[in-house]
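The shown structure was predicted, so the numbers you read here are calculated from the model rather than taken from an experiment.
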Amino acid sequence: MKKHLVICACAVALLCSCQQANRHAAASAPAEEPAIATDSVKGSPQPTTSEVEQRVKTIYDDVARTYGNDVMPNQLKDLAPLYCSRDWNQTVAAVNEADKDDEIGFFEADYWIMGQDYQDISADNILVESLHDKEATATLSLHNSGNTTRVKLMLVLEDGQWMIDDFIDLDHDSDWKQEMKEYIADK
């Protein structure tokens with residue numbers, strides 16, 4: 001009996017010392033990072049404005065490389081499949097289909113560079129104006145051939161990537177997607 005009491009006392013002492021060690025470790029542990037907000041439907045992390053801003057920067061860095069000063073128009077890679085939404089690409093395909101028999105088509109200028117000619121392409125002043133679930137709006141200053149154009153991008157989240165769904169030239173009040181849809185409707 002005495003033996004059992006000693007074993008029980010040792011077990012209680014061991015448990016108490018473990019609890020004391022756990023309290024001490026918890027008190028000296030660094031504060032936990034706040035939880036990331038999640039989408040209540042899918043449980044996925046909510047996007048941040050810095051993620052959208054970085055995506056726009058990445059896109060326009062590639063635009064600047066693609067439209068390098070020594071690149072001829074027939075050598076330009078097609079950026080739309082990489083950076084534009086499915087709906088944007090379907091709309092462009094519909095415009096191209098409507099134009100297939102026309103000598104002069106809709107695309108007299110290029111929506112990536114807001115013009116026909118290009119030199120010294122760059123973008124800066126990227127600002128995410130709104131971010132709601134799977135849609136974002138960002139503005140930037142696009143520099144081309146010594147001119148600066150303010151551009152608004154409408155972005156959508158598709159397959160985990162921010163994709164451009166519309167280009168709006170703020171200086172010339174030109175909404176590319178709206179104008180393409182009107183052009184298709186008039187054809």
Between K57 and D61, does any NZ, NE, NH1 or NH2 come within less than 4.0 Å of an OD or OE carboxylate oxygen? yes
Would you list the pairs meeting salt bridge (charged side-chain N to carboxylate O under 4.0 Å, His left out) in which at least one residue belongs to residues 104-130, sequence neighbours left out? E129-K152
Show me the pairs that pass salt bridge (charged side-chain N to carboxylate O under 4.0 Å, His left out) and involve residues 157-168, at least two apart or across chains. R86-E158, R86-D159, D165-K177
Check L157, I164, V156 against S85 for a side chain to side chain contact (heavy atoms under 4.5 Å, CB included) and give me the one that passes. V156
Which heavy-atom pair separates [X] from [Y] by the least distance, and what is that distance?
{"X": "K187", "Y": "D99", "value": "CE-OD1, 3.9 Å"}
{"X": "P47", "Y": "L131", "value": "O-CD2, 3.3 Å"}
{"X": "M163", "Y": "P81", "value": "CE-O, 4.2 Å"}

Determine whether more than 12 heavy atoms belonging to other residues, nucleotides or ligands lie under 6.0 Å from atom CG of D102. yes
Between the main-chain N or O of H132 and the side-chain N or O of E135, is there a donor-acceptor pair closer than 3.5 Å? no
Exam field: side chain Y118 to backbone V71, donor-acceptor pair closer than 3.5 Å: yes
A side-chain contact here means heavy atoms from C-beta on lying under 4.5 Å apart; do [X] and [Y] qualify?
{"X": "Q161", "Y": "Y83", "value": "no"}
{"X": "N125", "Y": "L140", "value": "no"}
{"X": "V56", "Y": "L155", "value": "yes"}

Measuring from atom [atom1] of [X] to atom [atom2] of [Y], what distance do you get when rounded to the nearest 0.5 angstrom?
{"X": "I184", "Y": "T91", "atom1": "CD1", "atom2": "OG1", "value": "6.0 Å"}
{"X": "I113", "Y": "N147", "atom1": "CD1", "atom2": "CG", "value": "11.5 Å"}
{"X": "E51", "Y": "Q46", "atom1": "CD", "atom2": "CD", "value": "10.0 Å"}

Applying side chain to side chain contact (heavy atoms under 4.5 Å, CB included) to D171 and not counting sequence neighbours gives T149, R150, D169
Here the ring pair (Phe, Tyr, Trp, His ring centres under 6.0 Å) pairs for residues 147-187, sequence neighbours left out, are W88-F167, F106-Y183, Y111-F167, Y111-W176, W112-F167
Check the hydrophobic clustering (I, L, V, M, F, W, Y; side-chain heavy atoms under 4.5 Å; chains of links allowed) and say if [X] and [Y] are grouped together.
{"X": "V151", "Y": "V52", "value": "yes"}
{"X": "L142", "Y": "I168", "value": "no"}
{"X": "L170", "Y": "L127", "value": "no"}
{"X": "M154", "Y": "V63", "value": "no"}

Please name all residues satisfying side-chain hydrogen bond (donor to acceptor under 3.5 Å, both in side chains) with S145, sequence neighbours left out, ordered by chain then number. none
K77: which residues meet the side-chain hydrogen bond (donor to acceptor under 3.5 Å, both in side chains) condition with it, sequence neighbours left out? D62
